[in-house]
Amino acid sequence: MTETWQPTACMICSMNCGIEVQTEGERIVRVRPDKAHPVTKGYVCEKAQRMEAYQQGRDRLSSPMRRRADGTYEAVDWDTAISEVAVRLAAVRDAHGGESILYYGGGGQGNHLPGVYAQATLAALGVRYRSNALAQEKTGEAWVQARMFGCGMHHDFEHAEVALLIGKNPWQSNGFPRARVVLREIAADPARSMIVIDPRRSETAAMADYHLAIRPGTDAWCLGALAAVLVQEGIANTAWMDAHVSNAEPVLEVLKRVPVSQFAQVCQVDEDLLRAAARRMAAASSMASMEDLGMQMGVHSTLGSYLHRLIIGLTGSFGRKGTSYAFVPFRPLGGGGSASAGSAARPSGERNWKRSPVTGFPVIMGLIPCNAISEEILTDHPHRFRAMFIESANPVHSLADTARMREALRALEFSVVIDVAMTETASEADYVLPACSQFEKAEASFFNFEPAENAFQLRHPLFAPREGTLEEGAIHTRLCEALGVLSAEMVEPLKAAAGNLDGFAMAFAQMAAAQPAIMAVAPVLLYRALADALPEGMTNAAALWGVAQIFVRNFPEQAAAAGFAGPLAGNRLFEAILNSPSGTVFSRIEHGGWDLVRQPGQRINLHIPEMLELLMALDPAGPPVDPDYPLILSAGERRTETSNTSIRDATWLRKGTLNSTLRIHPGDAAQFGLGEGDAVDVVTRRGRARAAVEIHEGCRPGHVSLPNGLGLDVRQADGSVRRQGAALNELTDYRWRDPVVGTPWHKYVPARLEKVA
């Protein structure tokens with residue numbers, strides 16, 4: 001065993017907590033928190049202890065795989081794979097245009113560097129449309145934030161007097177640093193309060209001072225009522241609003257007309273409790289608030305995101321310690337390009353690049369809705385997608401309507417997957433290109449959301465790459481060479497200058513000035529040019545040189561405050577990143593980040609007309625009900641025993657948790673004649689899945705849940721394939737989605753139960 005502790009990070013959720021590990025051969029044998037990590041500072045939850053299950057997944061690949069006509073796969077060498085993939089993609093581009101190729105993915109929870117290198121390949125192919133998991137969750141929130149704030153937002157719970165959590169259970173999903181420690185501190189302090197909006201009595205809701213146990217799918221009614229109480233009772237922070245918001249009057253007039261009592265009845269929360277929660281928000285000196293998938297994958301999720309931010313504006317909960325704040329990203333996660341969700345698509349025949357080509361959904365953060373992908377393929381529309389390039393993602397498993405996604409993938413003229421394992425999606429693709437694991441290459445995350453001091457960690461490899469695999473930098477570089485957009489003539493002058501980073505910066509600037517077209521392939525050009533100049537095993541970090549240059553150019557004051565100033569500040573930042581394996585602070589800002597607000601006068605715009613129209617049009621009967629499927633299923637609950645689907649080895653799971661359990665309220669269990677451990681089929685209009693009954697006091701009557709991260713088809717030691725638990729998206733329907741941005745209703749799936757004899 002290696003006695004030295006090596007810094008790296010957990011890659012199960014977006015927090016990417018800093019950890020240290022000890023290794024033995026190619027195995028991780030001990031894990032502990034990294035006290036030197038500048039953000040998580042020695043905090044980690046119990047899930048990080050099981051990182052070895054990711055590294056040793058049974059279905060990891062060790063050779064490119066090509067699909068035969070009969071649906072089986074054969075191993076091929078890398079030269080053949082790169083050549084054939086490039087030829088097939090180029091053929092689709094040449095016949096139908098690069099816009100007919102959809103790129104899906106770009107990185108999992110802790111591996112975001114693939115998305116940087118993919119930029120060059122997509123430019124070579126002329127790809128215009130993308131999607132990834134953010135379009136399942138965050139595009140409604142992003143669209144609202146752009147219209148109201150013009151910047152990204154995060155939330156300072158550590159210093160907040162009141163914490164408002166909407167469809168969020170940080171005890172299991174984190175979402176902010178040191179989540180469990182902070183939750184305990186708030187719960188133990190009589191001067192602080194926690195307000196949780198969630199149908200379930202989750203671990204976090206059990207700690208709350210105010211648990212608004214709403215009827216599933218009624219987040220918008222609940223948030224609308226809270227905002228209305230603030231206005232109708234005259235307890236909004238009008239002094240703060242006068243200084244910091246714009247276009248408030250039409251919003252206030254609408255909120256004065258919201259029927260609070262009726263909305264409370266719809267969400268089935270006692271009106272007195274709802275009003276008490278609103279008054280506590282108004283009385284607080286500071287409030288941090290956060291929404292998550294419980295709302296963002298539900299009915300009226302975009303409207304919910306808007307109402308959440310109205311509450312922030314009405315209470316003055318932005319731009320100071322203990323509230324929400326604007327942050328400085330090291331690299332934006334979105335690909336740019338957005339549309340007004342209320343605008344109509346252009347007439348047929350005239351392309352509107354701000355809309356998806358077939359369904360006309362808005363492109364937000366550069367992404368089309370996941371729930372629209374199958375419709376964008378399974379059609380005879382002339383602008384349909386004809387090929388997919390999928391990277392570090394598993395849409396067949398993770399997107400709504402698995403059967404339809406499988407059909408769509410096989411209907412394409414060509415598909416290629418880059419991944420570490422033979423996933424459910426890889427098993428439908430024409431080509432699979434195997435990548436190194438996250439612990440076998442330099443890797444990083446761009447989830448950098450901190451308020452005053454923001455940090456970035458470049459993880460160093462723990463192991464040599466598995467034989468037959470390549471890091472994504474190498475894969476995209478070789479594809480660009482095969483596509484004819486990267487040549488030795490472009491690389492050699494820069495490679496000759498790479499021995500001195502400052503000289504390299506000048507050489508790159510001169511080449512870019514003389515040949516602006518090189519910027520389209522800059523990531524792979526850097527990969528080839530800097531390969532020999534970087535420390536051993538760190539070649540996948542080459543593209544970060546360019547990211548560092550762009551960051552100091554876009555945020556010079558914030559970078560300078562962190563110690564990176566002057567004409568070569570990007571080089572100094574890149575060096576610091578390379579030499580700080582636990583992470584380095586790359587920006588410092590005044591708490592709140594008002595200078596990052598990109599609305600006129602740096603004021604928060606409260607008025608989004610189409611959202612107010614949706615608010616006043618909410619059905620007084622509540623969300624839709626299907627009498628044949630009387631229960632509401634949350635298809636994906638985060639639990640202690642579950643993870644994201646990067647963990648494909650069943651050794652991750654605790655004893656007895658291989659099969660999914662259906663959590664159900666004791667009264668519902670009695671009504672349906674179900675006992676603890678009984679086998680039951682969960683049935684929806686799209687399919688069925690088997691689970692074991694878990695009677696759970698935290699469930700709300702009429703509401704059941706299945707865990708996320710299971711339902712994977714994993715190859716066993718004897719070569720057979722075994723499913724681990726329920727595959728949730730065999731139950732969901734691509735048509736169940738938010739009407740504004742197309743996010744799925746995974747948390748609102750009408751279902752019924754059938755007891756298994």
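Quick note: residue numbers are just sequence positions, from 1. What you are looking at is a predicted structure, and each value in this text was computed from that prediction instead of being measured.
- The distance between the ring centers of Phe318 and Tyr325 does not fall below 6.0 angstrom.
- For Leu606 against Tyr306, the heavy-atom pair with the smallest separation is O-OH, 2.6 Å.
- Here the side chain of Arg598 pairs a donor or acceptor atom with the backbone of Asp595 at under 3.5 angstrom.
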Can you give each donor-acceptor pair under 3.5 Å made by side-chain atoms of residues 102-117, sequence neighbours left out, with the distance rounded to 0.1 Å?
unit_1, atom_1, unit_2, atom_2, d
Tyr103, OH, Glu391, OE1, 2.5
Asn111, OD1, Gly108, N, 2.7
Asn111, OD1, Gln438, NE2, 3.3
Asn111, ND2, Ser392, OG, 3.1
His112, ND1, Phe446, N, 2.7
His112, NE2, Gly108, O, 3.0
Tyr117, OH, Asn540, O, 2.9
Tyr117, OH, Ala542, N, 3.4
Tyr117, OH, Ala543, N, 3.1

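- Note: Trp240 and His244 have tilted aromatic rings, judged against thresholds of 30 and 60 degrees for the angle between ring planes.
- Annotation for Leu212 and Cys222: closest pair CD1-SG, 3.9 Å, computed over non-hydrogen atoms.
- With hydrogens and angles ignored, the 3.5 Å screen pairs a side-chain donor or acceptor of Arg320 with a backbone N or O of Gly316.
- His155 places a side-chain N or O within 3.5 Å of a backbone atom of Ser289 that can act as its donor or acceptor partner.
- Of the possible donor and acceptor atoms, one in the side chain of Arg192 sits under 3.5 Å from a partner among the backbone N and O of Ala160.
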### Task
Could you walk me through whether Ser582 and Gln457 pass the side chain to side chain donor-acceptor pair (under 3.5 Å) test, one step at a time?
CA-CA 6 Å; Ser582 290; Gln457 181 185 18; 5.4 Å; no
### Message
Under the criterion side chain to side chain donor-acceptor pair (under 3.5 Å), I'd like the reasoning laid out for Ser356 against Thr359: C-alpha separation, chi angles, the key distance, then a yes or no.
### Response
CA-CA 6 Å; Ser356 61; Thr359 61; 2.8 Å; yes
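- In this structure, a donor-acceptor pair under 3.5 Å is present between the side chains of Gln136 and His746.
- Between His476 and Phe389, the ring-plane angle classifies as parallel under the 30° and 60° cut-offs.
- Under a 3.5 Å cut-off, the side chain of Thr218 and the backbone N or O of Ile214 do not form any donor-acceptor pair.
- Taking CG of Asp198 as the start and CE of Met295 as the end, the distance is 12.0 Å to the nearest 0.5 Å.
- Atom CD1 in Ile312 sits 7.0 Å away from atom OG in Ser317 (nearest 0.5 Å).
- Looking at His154, its side chain does come within 3.5 Å of a backbone N or O of Gly175 through a donor-acceptor pair.
- Contact check for Leu544 versus Phe330: side-chain heavy atoms found under the 4.5 Å cut-off.
- Of all heavy-atom pairs spanning Phe508 and Ala522, the tightest one is CZ-CB, 4.2 Å.
- In this structure Asp738 satisfies the salt bridge (charged side-chain N to carboxylate O under 4.0 Å, His left out) test with no other residue, sequence neighbours excluded.
- Minimum interatomic distance between Gly217 and Trp221 (heavy atoms only, all atoms of both residues): O-CZ3, 3.5 Å.
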#### Entry: Derivation and outcome, salt bridge (charged side-chain N to carboxylate O under 4.0 Å, His left out), residues Glu453 and Arg588
CA-CA 5 Å; Glu453 294 188 348; Arg588 287 188 173 90; 2.8 Å; yes
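- By the 4.0 Å N-to-carboxylate-O rule, Arg280 lies close enough to Glu161 to be salt-bridged with it.
- Using modelled atom types, no side-chain atom of Thr40 and backbone atom of His37 make a donor-acceptor pair closer than 3.5 Å.
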### Task
List the steps, then state whether side chain to side chain donor-acceptor pair (under 3.5 Å) holds for Asn448 with Asn454.
CA-CA 6 Å; Asn448 318 115; Asn454 213 340; 5.0 Å; no
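- Residues Thr121 and Leu125 meet the side-chain proximity criterion, which asks for heavy atoms closer than 4.5 Å.
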#### Entry: Trace of the side chain to side chain donor-acceptor pair (under 3.5 Å) decision for Gln296 with Ser301
CA-CA 5 Å; Gln296 292 172 338; Ser301 58; over 6 Å; no
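- Side-chain contact between Pro329 and Phe555 is present, with at least one heavy-atom pair separated by less than 4.5 Å.
- In this structure Glu375 satisfies the side chain to side chain donor-acceptor pair (under 3.5 Å) test together with Arg737, sequence neighbours excluded.
- Residues Phe361 and Val740 share a closest heavy-atom pair of CD2-O, 4.1 Å.
- Residues Ile166 and His308 form a side-chain contact, since some pair of their non-hydrogen atoms from C-beta on lies under 4.5 Å apart.
- Within the 3.5 Å criterion, the main-chain N or O of Ile311 finds a donor-acceptor partner in the side chain of Thr315.
- Minimum interatomic distance between Leu458 and Ala541 (heavy atoms only, all atoms of both residues): CD2-CB, 3.7 Å.
- Between Arg147 and Glu610 there is a salt bridge, since a side-chain N of the basic residue sits under 4.0 Å from a carboxylate O of the acidic one.
- Sorted by first and then second residue, the salt bridge (charged side-chain N to carboxylate O under 4.0 Å, His left out) pairs involving residues 285-295 (not counting sequence neighbours) are Lys138-Asp292, Lys168-Asp292, Glu291-Arg309, Asp292-Arg638.
- Of the inter-residue distances, the one linking Arg603 atom CZ with Met148 atom CE reads 14.0 Å to the nearest 0.5 angstrom.
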With a 3.5 Å cut-off and sequence neighbours excluded, list the donor-acceptor pairs that the side chains of residues 560-576 form with protein atoms.
unit_1, atom_1, unit_2, atom_2, d
Asn571, OD1, Trp545, NE1, 2.8
Asn571, OD1, Gln549, NE2, 3.2
Asn571, ND2, Leu501, O, 3.0
Asn571, ND2, Asp502, OD1, 2.9
Arg572, NE, Glu575, OE1, 2.9
Arg572, NH1, Asp502, OD1, 3.4
Arg572, NH2, Asp502, OD1, 2.8
Arg572, NH2, Glu575, OE1, 3.4
Arg572, NH2, Glu575, OE2, 3.2

Cut-off 3.5 Å, no hydrogens considered: what does the side-chain donor-acceptor table look like for residues 223-235, sequence neighbours left out?
unit_1, atom_1, unit_2, atom_2, d
Gln232, NE2, Leu255, O, 2.8
Gln232, NE2, Lys256, O, 3.3
Gln232, NE2, Val258, O, 2.9
Glu233, OE1, Arg279, NE, 2.9
Glu233, OE2, Arg275, NH1, 2.8
Glu233, OE2, Arg279, NH2, 2.9

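- Residues Ile101 and Tyr129 have side chains not in contact (no heavy-atom distance under 4.5 Å, counting atoms from C-beta outward).
- Side-chain atoms of Asn247 never come within 3.5 Å of backbone atoms of Ile604 as a donor-acceptor pair (strictly under, hydrogens ignored).
- Judged by distance alone, the side chain of Asn605 and the main-chain N or O of His607 form a donor-acceptor pair under 3.5 Å.
- Once rounded to the nearest 0.5 Å, the distance linking SG of Cys370 with CG of Leu134 reads 8.5 Å.
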